[in-house]
Amino acid sequence: MRQVMNLDFAQFIPSMPYILKGIGVTLQIVLLAGLLGFALGIILALFKISSLKYLGWLADAYTSIFRGTPLVLQLMLIYYGSPQILGFQIEPYAAAVLSFGLNSAAYISEIIRAGILAVDKGQREASMALGIPYKRMMWDIILPQALKNILPALMNEFITLTKESAIVTTIGVMDIMRRSYQVGAEKYSFFEPLLIAGLIYYVMVITLTIIGKAVERRMRRSD
């Protein structure tokens, strides 16, 4: 007779505070990596639309490499390769932020570039006619309009980053996944804690989605 799988979530209730502490770790990594990726993404986007061809080639090469290789590979190269390349071991937390930020920048740069190109060319022509310097035109006129248009895409990238952050467990970062796995190892039962981790990620993603839609609606009303 086939044995029916028995689930016992009650035994993991005392471990819930320990697992939930991983939310803070996950959000910190995602927030810092998102800020790094956004800042670098703006620079790369400006390189791509620059009249200097070598800047465009440099940005395209960067994007090609980070979009063409697995994120987990980039994470491991930065973490496990740092002693050979830099002469010292990067902390797991720092390696996670750096790898996610560099990877996210490649995708965000394409989003921002598309947003800039979508802005009416008349805005740029009018700015040039008024003698507004290029840097001021970009920061004060073009980029604000572009960011308003690409907000949904940026929010989607942030949500994707939140889900992909689970791979930091491979280098020992004490995030939600790592803590859930440890609890499972102590109880010799992995299905329930991993299911709990999946539910936590799902709630986080749904919450971010709701926040993103609320911000988008508010920005539309401000038009």
Side-chain angles (χ1 to χ4, degrees), residues 16-17 19-46 48-49 63 66-67 70-72 74-75 93 96-124 137-169 173 175-180 194-223:
M16 283 301 297
I19 295 176
L20 291 174
K21 283 183 180 179
I23 296 177
V25 177
T26 297
L27 290 178
Q28 285 178 0
I29 292 174
V30 171
L31 180 60
L32 292 176
L35 291 174
L36 174 61
F38 182 71
L40 185 54
I42 291 178
I43 295 173
L44 290 170
L46 294 176
K48 291 177 181 181
I49 63 173
T63 302
F66 279 92
R67 291 180 66 180
L71 176 55
V72 66
Q74 298 162 20
L75 175 63
Y93 184 90
V97 171
L98 185 59
S99 59
F100 289 158
L102 294 176
N103 180 273
S104 183
Y107 292 90
I108 291 176
S109 67
E110 283 296 297
I111 295 173
I112 295 176
R113 182 187 67 84
I116 292 174
L117 295 179
V119 175
D120 187 5
K121 291 182 179 180
Q123 300 280 341
R124 191 173 306 181
M137 175 187 68
M138 274 296 171
W139 288 109
D140 295 341
I141 301 174
I142 304 300
L143 276 176
Q145 295 183 62
L147 292 177
K148 184 179 292 187
N149 295 331
I150 63 176
L151 180 62
L154 287 176
M155 198 65 196
N156 185 62
E157 173 62 23
F158 193 73
I159 290 172
T160 300
L161 191 60
T162 301
K163 293 186 293 183
E164 290 182 342
S165 69
I167 67 172
V168 299
T169 188
V173 176
D175 69 328
I176 300 168
M177 282 292 292
R178 187 72 177 181
R179 291 169 184 266
S180 299
L194 291 178
L195 198 61
I196 291 171
L199 179 61
I200 293 172
Y201 277 109
Y202 180 74
V203 171
M204 289 171 63
V205 168
I206 292 299
T207 302
L208 289 173
T209 302
I210 293 173
I211 293 173
K213 289 182 178 179
V215 173
E216 185 180 353
R217 285 195 299 268
R218 185 170 182 177
M219 292 186 72
R220 283 179 179 174
R221 287 197 297 266
S222 65
D223 290 342

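Just so you know, these numbers use all the heavy atoms, side chains as well, and skip hydrogens, waters and symmetry mates.
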For Asn103 and Ser99, what are the C-alpha separation, side-chain angles and deciding distance, and is it a side-chain contact (heavy atoms from CB on, under 4.5 Å)?
-> CA-CA 6 Å; Asn103 180 273; Ser99 59; over 6 Å; no
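- For the side chain to side chain donor-acceptor pair (under 3.5 Å) condition, the pairs that include at least one residue of residues 196-211, sequence neighbours left out, are Asp175-Tyr201.
- Remark: Leu98 engages Leu36, Ile78, Leu102 in a side chain to side chain contact (heavy atoms under 4.5 Å, CB included) (not counting sequence neighbours).
- Taking every heavy atom of both residues into account, Gly37 and Ile108 meet most closely at C-CD1, 3.8 Å.
- In this structure, CD1 on Ile142 lies 5.5 Å from CE on Met137, to the nearest 0.5 angstrom.
- For Pro70, the side chain to side chain contact (heavy atoms under 4.5 Å, CB included) partners at least two apart in sequence or on another chain are Val72, Leu73.
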Identify every side-chain donor-acceptor pair in residues 110-118 under 3.5 Å, counting partners at least two apart or on other chains, and give the distances.
residue, atom, partner, partner atom, Å
Glu110, OE1, Arg113, NH2, 3.2
Glu110, OE2, Lys48, NZ, 2.5

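- Here Phe38 pairs with nothing under the ring-ring contact (aromatic ring centres under 6.0 Å, His included) rule; sequence neighbours left out.
- One distance of note links OG of Ser109 with CD1 of Ile43; it measures 11.0 Å at 0.5 Å rounding.
- Side-chain contact between Val173 and Arg178 is absent, with no heavy atoms from C-beta onward closer than 4.5 Å.
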Side-chain donor-acceptor pairs under 3.5 Å in residues 21-32, sequence neighbours left out?
residue, atom, partner, partner atom, Å
Thr26, OG1, Gly22, O, 3.0
Gln28, OE1, Tyr93, OH, 3.3

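- For Gln145, the side chain to side chain contact (heavy atoms under 4.5 Å, CB included) partners two or more places apart in sequence, or in a different chain, are Val119, Gln123, Ile141.
- Scanning both residues, Ala33 and Leu161, for their nearest heavy atoms gives CB-CD2, 4.1 Å.
- Closest approach of Arg179 to Ile19, counting heavy atoms only: CD-O, 3.9 Å.
- For residues 150-168, every residue pair satisfying the side chain to side chain donor-acceptor pair (under 3.5 Å) rule, not counting sequence neighbours, is listed here: Ser104-Glu157.
- Summarising the geometry, atom CD1 belonging to Ile167 is positioned 5.0 Å from atom CG belonging to Leu75; distances are rounded to the nearest 0.5 Å.
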